Chemist: 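One structure follows; several queries about it will come next.
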Amino acid sequence: IIASQLVVPEEINVNWKDIAGLDHLINELRETVILPIQKRELFADSRLTQPPKGVLLHGPPGCGKTLIAKATAKEANMSFINLDVSLLTDKWYGETQKLAAAVFSLAVKLQPCIVFIDEIESFLRTRTQHDHEATAMMKTQFMSLWDGLITDPTCTVIIMGATNRPQDLDRAIQRRMPATFHVPMPGAAQRERILQLILRAEPTAADIDFARLGAATDGFSGSDLHELCRQAAVYRVRDLARDELAREEQCKQNKSSSSDSDDEYVDA
Ligand code: ATP
């Protein structure tokens with residue numbers, strides 16, 4: 001497989017309106033990431049005002065890190081490459097290096113561009129003496145490609161990583177990600193809003209009490225709420241399907257009993 005065929009930009013169809021709560025975080029991202037992209041000439045003027053080429057989103061799983069990364073790209077009108085780290089950590093040594101080079105060269109071609117790396121700590125974790133030689137070389141290569149972006153003031157490619165284990169990230173990587181944001185578990189009001197967003201295009205009862213649901217789902221992440229709604233939707237459709245089958249069965253029985261009585265009439 002040719003490395004460049006594995007790396008394709010993704011069409012994004014989410015924006016800030018799809019994110020419940022997190023207004024403070026959205027504002028920070030506007031100021032730190034989007035403004036420097038939109039007003040590049042002002043920021044690129046001085047070495048001190050260089051926009052960040054690395055952004056880290058950290059927090060518990062399922063709380064919207066991927067959603068935020070995609071919405072940032074959409075709002076800033078940037079291309080979005082979702083880099084699957086398992087490709088970079090794959091055993092076929094040699095190809096991984098080509099792949100990393102392909103990612104960076106595509107991102108530069110498409111700039112402004114966000115390269116999103118979910119679970120970034122899984123391949124850029126703290127280096128140890130036990131690192132496989134190929135892994136160590138891949139990390140070094142990745143960092144030197146990244147440095148190429150950092151030293152070019154006109155470049156508008158951002159590496160945006162997500163992790164729920166920021167403490168496992170290599171120090172050298174942490175330094176390359178000066179803009180770091182925490183994406184926390186949602187509170188009751190945010191859960192209420194997430195449920196409203198998930199169910200906005202779904203057929204629901206008119207009197208659904210979102211505030212009560214938000215309060216009753218303490219400890220649920222956004223993806224837990226998504227799963228909860230999915231299960232409720234499946235139960236609803238199953239009930240409908242069961243009712244419909246029962247109706248069809250009843251119809252069949254009515255028909256056969258009426259044709260039985262027709263037969264009796266003919267016999268008579
Ligand atoms: P992971 O760490 O497991 O990769 P994540 O933090 O990247 O998870 P997402 O994949 O962005 O989480 O979120 C999962 C789903 O949860 C989303 O598709 C969305 O339905 C819902 N969700 C999470 N947070 C929010 C939020 N703040 N607003 C609206 N929906 C949310």
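Keep in mind it's a predicted model, so treat the numbers as computed, not measured. Read the numbers this way: they start at 1 and go in the same order the structure lists the ligands and their atoms.
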Chemist: Atom CD of Q38 and atom OG1 of T156: how far apart are they, to the nearest 0.5 Å?
Modeler: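 Between Q38 CD and T156 OG1, I get 12.0 Å after rounding to 0.5 Å.
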
Chemist: Taking C251's backbone N and O only, do any of them form a donor-acceptor pair with N254's side chain (distance below 3.5 Å, no angle check)?
Modeler: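 Between the backbone of C251 and the side chain of N254 there is no qualifying donor-acceptor contact (under 3.5 Å).
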
Chemist: Does the protein come close to atom 18 (O) of ligand 1 - that is, does one of its heavy atoms sit below 4.0 Å from that atom?
Modeler: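 Answer no: nothing from the protein, no heavy atom, is under 4.0 Å.
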
Chemist: Does R165 come within less than 4.0 Å of D168, counting only side-chain N to carboxylate O?
Modeler: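 Judged by the 4.0 Å cut-off on N to carboxylate O distance, R165 and D168 do form a salt bridge.
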
Chemist: Just go through A20, G64, P184 and tell me whose heavy atom is the nearest to atom 27 (N) of ligand 1.
Modeler: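 The nearest heavy atom belongs to A20.
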
Chemist: Between R176 and D170, is there a side-chain N and carboxylate O pair less than 4.0 Å apart?
Modeler: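 No, no charged N to carboxylate O under 4.0 Å.
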
Chemist: Applying a 4.0 Å heavy-atom criterion (strictly less than), which segment of Q190 is in contact with ligand 1: side chain, backbone, both, or neither?
Modeler: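 For Q190, only side-chain atoms sit under 4.0 Å from ligand 1.
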
Chemist: Out of P186, G21, A162, G222, whose heavy atom sits nearest atom 16 (O) of ligand 1?
Modeler: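 Of the listed residues, G222 has the closest heavy atom.
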
Chemist: What atoms in ligand 1 come closer than 4.0 Å to a heavy atom of I194?
Modeler: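 The atoms of ligand 1 under 4.0 Å from a heavy atom of I194 are 25 (C), 26 (C), 28 (N), 29 (C), 30 (N).
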
Chemist: Checking the side chain of H58 only, and the main-chain atoms of P166 only, is there a donor and an acceptor separated by less than 3.5 Å?
Modeler: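 Such a contact is absent between H58 side chain and P166 backbone.
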
Chemist: Checking one residue: F220. Which other hydrophobic residues are in its cluster under the side-chain 4.5 Å linking rule?
Modeler: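 For the cluster that includes F220, the remaining residues are I194, L195, I198, L199, I208, F210, L213, L225, L228.
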
Chemist: Tell me the protein heavy atom at minimum distance from atom 20 (O) of ligand 1, and give that distance in Å.
Modeler: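 In this structure, atom 20 (O) of ligand 1 has H226 CD2, 3.4 Å as its nearest protein heavy atom.
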
Chemist: List the closest protein heavy-atom neighbour of atom 29 (C) of ligand 1: residue, atom name, distance to the nearest 0.1 Å.
Modeler: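 Going by distance alone, atom 29 (C) of ligand 1 is nearest to D18 O, 3.3 Å.
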
Chemist: Do the side chain of D152 and the main chain of L149 share a donor and acceptor less than 3.5 angstrom apart?
Modeler: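 Judged by distance alone, no pair lies under 3.5 Å.
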
Chemist: Under 4.0 Å, heavy-atom basis, I'd like to know which part of T66 is in contact with ligand 1: side chain, backbone, both or neither.
Modeler: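 Near ligand 1, T66 shows its backbone as well as its side chain.
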
Chemist: Closer than 4.0 Å and a protein heavy atom, does any atom meet both conditions relative to atom 23 (C) of ligand 1?
Modeler: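 Within 4.0 Å: yes, protein heavy atom nearby.
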
Chemist: Would you compute the distance between atom CG of L110 and atom CE of M78 and round it to the nearest 0.5 angstrom?
Modeler: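 Going from CG on L110 over to CE on M78, the span is 11.0 Å.
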
Chemist: Please state which protein non-hydrogen atom is closest to atom 4 (O) of ligand 1 and give its distance, to 0.1 Å?
Modeler: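 Scanning the protein heavy atoms, the shortest distance from atom 4 (O) of ligand 1 goes to D118 OD2, 3.0 Å.
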
Chemist: Hydrophobic cluster mates of L197, side-chain heavy atoms under 4.5 angstrom, ILVMFWY only, any path?
Modeler: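 The other cluster members (ILVMFWY side chains, heavy atoms under 4.5 Å, direct or chained): none.
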
Chemist: Which option, L22, L67, L195, L25, owns the non-hydrogen atom nearest atom 30 (N) of ligand 1?
Modeler: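 Residue with the shortest heavy-atom distance to the ligand atom: L67.
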
Chemist: Would you confirm whether E119, through its side chain, and V85, through its main-chain N or O, come within 3.5 Å as a donor-acceptor pair?
Modeler: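 Not at all, since once roles are kept as given, no pair shorter than 3.5 Å links the two residues.
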
Chemist: Taking only heavy atoms of P61, which atoms of ligand 1 are found under 4.0 Å from at least one of them?
Modeler: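 Selected atoms, number and element: 2 (O), 3 (O), 8 (O).
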
Chemist: Please report which non-hydrogen protein atom sits nearest to atom 14 (C) of ligand 1, along with the residue it belongs to and the distance in Å to one decimal place.
Modeler: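 Checked against all protein heavy atoms, atom 14 (C) of ligand 1 sits closest to S223 CB, 3.7 Å.
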
Chemist: Among all protein heavy atoms, pick out the one at the shortest distance from atom 2 (O) of ligand 1; state its residue, atom name and that distance to 0.1 Å.
Modeler: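 In this structure, atom 2 (O) of ligand 1 has K65 NZ, 3.0 Å as its nearest protein heavy atom.
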
Chemist: Is K70 in contact with ligand 1, taking contact as a heavy-atom separation below 4.0 Å?
Modeler: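 In this structure, K70 fails to qualify as a contact of ligand 1 - no heavy atom is under 4.0 Å.
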
Chemist: At a 4.0 Å threshold, what atoms of ligand 1 neighbour a non-hydrogen atom of I19?
Modeler: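 This gives 27 (N), 28 (N) as the contact atoms.
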
Chemist: Any idea which of C63, A69, G62 brings a heavy atom closest to atom 1 (P) of ligand 1?
Modeler: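 Checking each option, the heavy atom nearest atom 1 (P) of ligand 1 is found in G62.
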
Chemist: Relative to the ring of F80, is the ring of F116 parallel (under 30°), tilted (30 to 60°) or perpendicular (over 60°)?
Modeler: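 F116 vs F80 ring planes: parallel.
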
